[in-house]
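Reviewing the structure listed below.
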Amino acid sequence: LWNKGLKVTHQQRWEGKELVGEIIELVNGGRSPLILEETWFNQNNTRAMKFSQKHLAPKEKAFLYRVADAQGVLHHG
């Protein structure tokens with residue numbers, strides 16, 4: 001997906017005892033429209049995810065909201 005020009009930036013992260021929440025900014029840095037796929041971001045510990053929008057025109061921005069089990073997540077210190 002990086003070869004499609006998608007730029008990914010972690011915006012916010014919340015950690016609880018059992019769950020982790022993330023907001024990830026997605027920017028289409030390519031020259032072609034992109035359709036975001038959940039499989040690109042789904043990990044074994046993912047509980048739920050939602051895109052603010054799935055279709056991105058060039059230079060357009062969307063957000064991914066993701067909730068995952070805290071176990072198995074790399075903790076940022």
Could you walk me through whether Trp14 and Ile23 pass the side chain to side chain contact (heavy atoms under 4.5 Å, CB included) test, one step at a time?
CA-CA 9 Å; Trp14 301 274; Ile23 298 177; 3.4 Å; yes
Report yes or no: do Ile24 and Trp40 belong to one cluster of Ile/Leu/Val/Met/Phe/Trp/Tyr joined by side chain heavy-atom distances under 4.5 Å?
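Yes, it is one cluster - the side chains of Ile24 and Trp40 are joined through contacts under 4.5 Å.
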Do Tyr65 and Val67 sit in the same hydrophobic cluster, where Ile, Leu, Val, Met, Phe, Trp and Tyr count as joined when their side-chain heavy atoms come under 4.5 Å apart?
no
Under 3.5 Å donor-acceptor pairs involving side-chain atoms of residues 46-53, not counting sequence neighbours:
{"residue": "Thr46", "atom": "OG1", "partner": "Asn42", "partner atom": "OD1", "Å": "3.4"}
{"residue": "Thr46", "atom": "OG1", "partner": "Gln43", "partner atom": "N", "Å": "3.0"}
{"residue": "Thr46", "atom": "OG1", "partner": "Gln43", "partner atom": "O", "Å": "3.2"}
{"residue": "Thr46", "atom": "OG1", "partner": "Arg66", "partner atom": "NE", "Å": "3.2"}
{"residue": "Thr46", "atom": "OG1", "partner": "Arg66", "partner atom": "NH2", "Å": "2.9"}
{"residue": "Arg47", "atom": "NE", "partner": "Asp69", "partner atom": "OD1", "Å": "2.8"}
{"residue": "Arg47", "atom": "NH2", "partner": "Asp69", "partner atom": "OD1", "Å": "2.9"}
{"residue": "Ser52", "atom": "OG", "partner": "Phe63", "partner atom": "N", "Å": "2.8"}
{"residue": "Gln53", "atom": "NE2", "partner": "His55", "partner atom": "O", "Å": "3.2"}
{"residue": "Gln53", "atom": "NE2", "partner": "Glu60", "partner atom": "OE2", "Å": "3.2"}

Using the salt bridge (charged side-chain N to carboxylate O under 4.0 Å, His left out) criterion, which residues pair with Lys54? Sequence neighbours excluded.
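Residues passing salt bridge (charged side-chain N to carboxylate O under 4.0 Å, His left out) with Lys54: none at all.
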Got a sec, which residues hit salt bridge (charged side-chain N to carboxylate O under 4.0 Å, His left out) with Glu37, two or more places apart in sequence or on another chain?
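With sequence neighbours excluded, Glu37 shows a salt bridge (charged side-chain N to carboxylate O under 4.0 Å, His left out) to no residue whatsoever.
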Separation of Ile35 CD1 from Asn28 CG (nearest 0.5 Å)
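Taking CG in Asn28 and CD1 in Ile35, the distance rounds to 11.0 Å.
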Roughly how far apart are Leu34 CG and Leu56 CG, rounded to 0.5 Å?
6.5 Å
Minimum heavy-atom distance between Ala70 and Lys17, given as atom pair plus value
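So the two residues come closest at CB-O, 3.8 Å.
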Minimum-distance pair of heavy atoms, taken over all atoms of Pro58 and Gly30
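Scanning both residues, the minimum pair turns out to be CB-O, 3.4 Å.
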Non-hydrogen side-chain atoms of Leu26 and Leu36 separated by less than 4.5 Å
yes
For Gln11, does the CD atom sit with more than 12 other heavy atoms under 6.0 Å from it, leaving out its own atoms?
yes
Kindly determine whether His10 and Glu22 satisfy side chain to side chain contact (heavy atoms under 4.5 Å, CB included), including the steps that lead there.
CA-CA 7 Å; His10 283 76; Glu22 298 175 297; 3.5 Å; yes
